[in-house]
Amino acid sequence: MDTETANKTREVLSKTERITGSEAIIKCLIAEDVDILYGYPGGAIMPVYDELYKFRNEIHHVLTRHEQGAAHAAQGFARISGRVGVAMATSGPGATNLITGIADAQIDSTPLVCITGQVPSHLLGTDAFQETDIIGISTPVTKWNHQVTKASEIPEVLAKAFYIAKSGRPGPVLIDITKDAQFGELDFKYEKCTGVRSYIPTPKTNLESVKAAAELINAAKKPMIVWGQGVILGEAETELKAVIEKAGIPAAWTIMGASAIPTSHPLNIGMVGMHGNYAPNKLTNECDVLIAIGMRFDDRVTGSLDTYAKQAKVIHFEIDPAEVNKNVYADVAVLGNSKDSLTELLPLLNENSHEAWHQEFKDLYAIEFEKVIKDDLHPTKEGLTMGEVLKEINVQSGGNAAIVSDVGQHQMIACRYSEFNKTKSNITSGGLGTMGFALPAAIGAKMAAPEREVVAIIGDGGYQMNIQELGTIFQQKVPVKIVVLNNEFLGMVRQWQQLFFDKRYASTEMTNPDFVTIAKGYHIDGKRVTKREELADAIKEMIASKESYFLEVCVEKEDNVFPMIPSGASVSDIRLS
């Protein structure tokens, strides 16, 4: 924040004045250091937009082309910056269009504050024009929600919203504000929220639990770490690196935890999960101590719970008590922020190397390389593979790009083969698996971190779910790079149909438009690549561009993503073909 804005913020916090609810909303946002807001106007939120126009030098409003795009853009903003993303919409369909992004943010622990307009309070419950019970609809997918019907409630409710969204395990908050509350007046003074009665966002770390964890780790012959996004959210990357290096523990990551430790780190053994790496999946059922850090034992990671790590003592470092023993029983649970917990753990660990144990991972990696990776990255067939596209992006970006992936085969390939040298470099829809996520999320990520190269990796199916956000890129002049890996299929569904439904490709083949021409219609330069010899120069041109750029790469239509754990199978049953 610049000096002038900081001074205005201090003025907002210290001054009491008589203003409307709409102006109060904008001043609350300024007080919370909000400088970018994603949204779409409409009747029930129009008073706020009128005030926003007056404060357009303090808050930059980004008009997305759909409210879902606003929510995903706010997610991308939050995920790369660590700040709260903010989205705004009108009542009725405007509010309901936010729900997919809100649900995505809830399951992926992304801090959002979403503000919706609502019909006047005297019309609530009358089925008024564009009235929807957004509080009832959003309750299952928000960390907290609240409906404001009086202007005087606005400062306290918004302060609470930002505190709840960011504190502890982050998540989305929705505040619904009736139109009469926006027009009403109040004596405005803003105080940031520092606590909520009965809400304990970060449990205090129990040192006895930390000691018990250290004892198990020090005695282990085959310890293994699986870390998740909790490490990134807790800003514990340095502490995790110190722990694995001191104790010599092989460490794997969930999709949401990717990039916390550089891909090239010798103790980074790859990704767990349905399409993760062979060794960490297979050896989960052979380790003697499994240390889970900031991850929730999602079903895509565990496979069959009946067979998951039954031989191991389980240590669970977790900020959310509700996640402990929910899916996998923990022999030792260490509650608290991962940074604090790992800081306490580090001095209690013995130095170790576990060389023989590491060799088991290397041996299995060699098998995966021969049977899968070599063909993905160095194909001999005529058609292009998704893997070689990611490999070339790594080369041209130096592994420093933030990769924003959509959902499907390309997502798994992007997570498996991207080189991550910096934290907060893998932005994807993990728990909800939302097709259409990547394009608007990339907009938010680039606007939050303009100094970083942001590359969206999208399939031809997901791309068309929010393709209209090309208009946002054009209007806002956001220099995001867009790569569509086009196999003319809903690829992941097609893969399942091939493997488990006797190749009955029901409703998965895509007849696609001319994507390059569409991009050029939005004044975005683009290129289509169909041959291997064209790929390197095209990606080099894309990365070198100072403006937005669209690249379509036509890849093999029926390539599959392996390894793969069939749904409901054990991690030991991971398939290489």
Side-chain angles (χ1 to χ4, degrees), residues 222-228 249-258 263 267-292 295-312 314 327-328 357-377 379 385-387 390 405 407-418 426 428 430-431 433 491-501 558-577:
K222 294 184 174 184
M224 176 177 162
I225 285 173
V226 177
W227 86 79
I249 303 174
W253 38 273
T254 69
I255 284 176
M256 298 300 292
T263 310
L267 295 175
N268 184 334
I269 55 170
M271 183 171 80
V272 292
M274 180 173 280
H275 292 285
N277 292 103
Y278 189 55
N281 274 306
K282 195 88 171 170
L283 295 180
T284 295
N285 279 358
E286 295 185 27
C287 66
D288 57 1
V289 175
L290 179 63
I291 306 122
M295 56 87 77
R296 58 188 180 84
F297 290 111
D298 174 74
D299 65 292
R300 287 294 172 105
V301 167
T302 65
S304 170
L305 287 170
D306 293 336
T307 59
Y308 183 77
K310 292 301 182 182
Q311 79 295 336
V314 176
N327 295 325
V328 173
W357 177 228
H358 279 288
Q359 189 59 48
E360 293 190 41
F361 287 90
K362 293 175 183 177
D363 292 343
L364 291 181
Y365 175 82
I367 294 171
E368 182 183 353
F369 183 85
E370 284 299 316
K371 293 191 175 183
V372 177
I373 297 172
K374 185 168 68 174
D375 289 337
D376 281 347
L377 300 184
T385 67
M386 296 184 184
L390 268 298
S405 56
V407 172
Q409 288 181 315
H410 64 279
Q411 176 191 33
M412 298 297 103
I413 292 293
C415 291
R416 281 174 55 81
Y417 293 124
S418 293
N426 184 53
T428 194
M492 188 62 82
V493 183
R494 185 213 56 77
Q495 177 169 333
W496 280 54
Q497 289 172 333
Q498 177 184 334
L499 297 177
F500 307 115
F501 293 87
E558 297 188 47
D559 268 357
N560 291 328
V561 181
F562 288 103
M564 179 181 184
I565 303 169
S567 181
S570 167
V571 292
S572 299
D573 297 329
I574 185 169
R575 296 171 51 170
L576 291 171
S577 62

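Remark: Phe500 CZ is packed, more than 12 non-hydrogen atoms of other residues, nucleotides or ligands lying under 6.0 Å away. Within 6.0 Å of NZ in Lys371 there are 12 or fewer heavy atoms belonging to other residues, nucleotides or ligands.
Counting only distance, with no hydrogens or angles, the side chain of Asp288 and the backbone of Lys222 share a donor-acceptor pair below 3.5 Å. Judged purely by atom type and a 3.5 angstrom limit, Glu368 has no side-chain atom pairing as donor or acceptor with the backbone of Pro563. Between the side chain of Arg494 and the backbone N or O of Asp559, at least one donor-acceptor pair lies under 3.5 Å. When atom types are taken as modelled, the side chain of Asn327 and the backbone of Asp299 share no donor-acceptor pair closer than 3.5 angstrom. Looking only at distances, no side-chain donor or acceptor of Trp496 sits under 3.5 Å from a matching main-chain atom of Phe501. Between the side chain of Trp227 and the main chain of Ala251, no donor-acceptor pair closer than 3.5 Å is present.
Partner of Tyr417 under the side chain to side chain donor-acceptor pair (under 3.5 Å) criterion, chosen from Asp376, Thr263, Thr385: Asp376. The only option from Thr307, Val272, Leu283, Asn285 that meets the side-chain contact (heavy atoms from CB on, under 4.5 Å) definition with Val571 turns out to be Asn285. Of the candidates Thr302, Asp573, Val301, Asn281, Asn281 is the only one forming a side-chain contact (heavy atoms from CB on, under 4.5 Å) with Ile565.
With rounding to the nearest 0.5 Å, the separation of CD1 in Ile249 from CE in Met224 is 11.5 Å. The CG atom of Leu390 sits 9.0 Å away from the SG atom of Cys415 when rounded to the nearest 0.5 Å. Taking CG from Leu305 and CZ from Phe297, the interatomic distance works out to 9.5 Å, rounded to the nearest 0.5 Å. Within the model, atoms CZ of Arg300 and CE of Met274 stand 4.0 Å from one another, a figure rounded to the nearest 0.5 Å. The CE atom of Met386 lies 5.0 Å from the CD atom of Gln409; values are rounded to the nearest 0.5 Å. To the nearest 0.5 Å, the span separating CG on Asn268 from CD1 on Ile225 amounts to 11.0 Å.
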Evaluate side-chain contact (heavy atoms from CB on, under 4.5 Å) for Asp298 paired with Met256, printing each intermediate quantity in order. CA-CA 11 Å; Asp298 174 74; Met256 298 300 292; over 6 Å; no

For Gln495 and His275, run side-chain contact (heavy atoms from CB on, under 4.5 Å): C-alpha distance rounded to whole Å, both residues' side-chain angles, the deciding distance at 0.1 Å, then the answer. CA-CA 12 Å; Gln495 177 169 333; His275 292 285; 3.8 Å; yes

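Annotation for Ala279 and Tyr365: closest pair CB-N, 4.3 Å, computed over non-hydrogen atoms. Here the shortest heavy-atom pairing between Ile291 and Pro223 reads CD1-CB, 4.2 Å. The heavy-atom pair separating Gln311 from Cys287 by the smallest distance is NE2-O, 2.7 Å. Nearest heavy-atom pair, Phe361 versus Pro250, reported as atom, atom and distance to 0.1 Å: CE1-CG, 3.6 Å. The two residues Thr428 and Ser405 come nearest to each other via the heavy atoms OG1-OG, 2.9 Å. Pairing each heavy atom of Gly431 with each of Arg296, the nearest pair is CA-NH2, 3.7 Å.
With contacts defined as side-chain heavy-atom distances shorter than 4.5 Å, the pair His358/Leu267 qualifies. The shortest side-chain heavy-atom distance between Arg416 and Val372 falls under the 4.5 Å cut-off. Annotation: side chain of Leu364 is not in contact with side chain of Glu360 (no heavy-atom distance under 4.5 Å). Side-chain contact between Trp253 and Asn426 is absent, with no heavy-atom pair separated by less than 4.5 Å. Between Ile255 and Met412, the closest side-chain pair of non-hydrogen atoms falls below 4.5 Å. The closest side-chain heavy-atom distance from Asn277 to Ile269 is not below 4.5 Å.
Side-chain atoms of Glu558 and Gln498 include no donor-acceptor pair closer than 3.5 Å.
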